[in-house]
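Read through the structure below, which is laid out as structure tokens, and then see the notes.
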Amino acid sequence: MTAVFSHGRLRLYLLKLLDDGPKHGYELIRLLEDRFLGLYAPSAGTIYPRLQRLEVEGLVSHTAAGGRKTYEITDAGRAELRQRAGELTALETDIAASVADLSSLAGDIRSEVRGSVRDLKRELSEATRQTRRARWETPAPPLRTASTAGPQAELLDDLDKRLAAFTAEVGRLLRARQFSDVQLRTAIRLLDGALDGLRRLLR
């Protein structure tokens with residue numbers, strides 16, 4: 001839990017959120033995450049025990065529908081909010097300062113990570129190019145063997161040449177320029193489909 005909610009202050013903020021209208025636990029978690037610009041989100045294990053405690057104290061009540069509990073502040077809960085209005089104002093100020101600090105820290109981290117990611121992408125791109133080159137430039141063993149003769153040998157020679165030409169052409173296309181992830185995934189699916197078709201034919 002973020003330090004701004006120490007000493008029971010999360011309990012007070014939950015009352016404040018419920019004062020705006022009935023909500024279920026997931027909504028409260030999302031509202032807190034939005035309040036902290038996505039940089040902090042309490043877990044269900046943090047929120048639900050506090051809601052149960054508030055209910056035991058008579059500050060909130062719940063109704064159940066479709067397997068989901070919806071929590072609502074009671075008159076006693078509103079009275080506590082009024083009594084602690086000064087604390088709530090101070091809490092809002094602290095939350096704003098905490099969000100500013102977290103945003104600044106996140107910005108610093110993003111700047112550092114961005115440079116690291118750029119370096120990593122460059123290294124991965126180079127490794128991918130080298131792998132492609134090795135894969136497509138390594139000649140495949142000939143299909144024809146010494147025991148193959150006659151018309152079938154000519155067909156195997158033709159198939160061997162076509163495979164070599166296909167491999168060389170794909171390698172040339174891959175070296176020609178950079179491709180998007182969508183293009184590469186589609187190419188992989190096409191190759192897989194062609195290979196599956198050949199497996200079924202030649203088995």
Side-chain angles (χ1 to χ4, degrees), residues 1-121 124-125 128 179-193 196:
M1 185 194 307
T2 184
V4 76
F5 285 135
S6 59
H7 308 299
R9 298 173 93 189
L10 178 57
R11 173 183 181 277
L12 178 62
Y13 204 70
L14 288 174
L15 285 176
K16 184 261 182 192
L17 292 175
L18 289 173
D19 193 39
D20 295 334
K23 296 172 182 65
H24 53 76
Y26 181 77
E27 286 179 292
L28 292 167
I29 291 172
R30 294 285 75 80
L31 284 170
L32 282 161
E33 184 177 16
D34 291 345
R35 182 68 184 85
F36 282 86
L37 305 180
L39 300 172
Y40 163 74
S43 66
T46 296
I47 294 298
Y48 286 103
R50 283 168 174 78
L51 289 171
Q52 290 170 1
R53 196 170 305 128
L54 288 169
E55 191 167 13
V56 169
E57 294 171 3
L59 303 178
V60 303
S61 61
H62 84 266
T63 55
R68 175 179 288 178
K69 292 182 178 180
T70 299
Y71 294 87
E72 186 173 0
I73 193 169
T74 63
D75 290 339
R78 291 189 182 90
E80 176 155 336
L81 277 180
R82 288 194 297 271
Q83 292 169 5
R84 302 177 63 184
E87 290 179 59
L88 186 58
T89 300
L91 176 56
E92 286 284 14
T93 301
D94 290 347
I95 288 174
S98 178
V99 169
D101 290 343
L102 287 171
S103 297
S104 176
L105 178 61
D108 293 342
I109 292 173
R110 274 194 295 268
S111 296
E112 293 180 11
V113 170
R114 196 174 292 121
S116 300
V117 169
R118 272 198 303 269
D119 293 341
L120 180 59
K121 282 182 176 179
L124 286 174
S125 179
T128 301
F179 296 92
S180 69
D181 290 348
V182 172
Q183 288 175 309
L184 291 175
R185 288 193 188 98
T186 303
I188 289 169
R189 284 197 296 271
L190 288 171
L191 288 173
D192 287 344
D196 287 342

Worksheet item: Run the salt bridge (charged side-chain N to carboxylate O under 4.0 Å, His left out) check on E57 and R11 step by step: do they pass?
Response: CA-CA 12 Å; E57 294 171 3; R11 173 183 181 277; 2.4 Å; yes
Fill in: Step-by-step salt bridge (charged side-chain N to carboxylate O under 4.0 Å, His left out) determination, R30 to E33
CA-CA 5 Å; R30 294 285 75 80; E33 184 177 16; 2.6 Å; yes
Practice prompt. Show your working on salt bridge (charged side-chain N to carboxylate O under 4.0 Å, His left out) between K16 and D19 and close with a plain yes or no.
Written response: CA-CA 5 Å; K16 184 261 182 192; D19 193 39; over 6 Å; no
Item to complete: Decide yes or no on side-chain contact (heavy atoms from CB on, under 4.5 Å) for E92 and R35, but give the supporting numbers first.
Response: CA-CA 10 Å; E92 286 284 14; R35 182 68 184 85; 3.6 Å; yes
Practice prompt. Starting from the C-alpha separation in whole Å, work towards a yes-or-no answer on side-chain contact (heavy atoms from CB on, under 4.5 Å) for F36 and I95.
Written response: CA-CA 8 Å; F36 282 86; I95 288 174; 3.9 Å; yes
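A distance of 5.0 Å separates CG of L12 from CG of L88, quoted to the nearest 0.5 Å. The CG atom of L15 lies 11.5 Å from the CG atom of D20; values are rounded to the nearest 0.5 Å. Taking CG of L32 as the reference point, atom CG of L10 lies at 6.5 Å (rounded to 0.5 Å). With rounding to the nearest 0.5 Å, the separation of CD1 in I29 from CG in D34 is 12.0 Å. To the nearest 0.5 Å, atom CG of residue L28 and atom CG of residue L18 are 5.0 Å apart.
At least one donor-acceptor pair under 3.5 Å links the side chain of E27 to the backbone N or O of H24. Remark: side-chain polar atoms of T70 are not paired, donor with acceptor, to backbone N or O of P22 under 3.5 angstrom. Checking side-chain atoms of K23 against main-chain N and O of L17 turns up a donor-acceptor pair under 3.5 Å.
Here the closest non-hydrogen pair linking A44 and P49 is O-CD, 3.7 Å. Closest heavy-atom contact between T74 and S61: CG2-N, 3.8 Å.
The aromatic rings of F5 and Y13 lie tilted to each other, with the angle between the two planes from 30° to 60°.
Looking only at side-chain heavy atoms (C-beta outward), L14 and V60 stay at 4.5 Å or farther from each other. E55 places a side-chain heavy atom less than 4.5 Å from the side chain of Y71. Side chains of H62 and Q52 form no contact here, defined as non-hydrogen atoms less than 4.5 Å apart.
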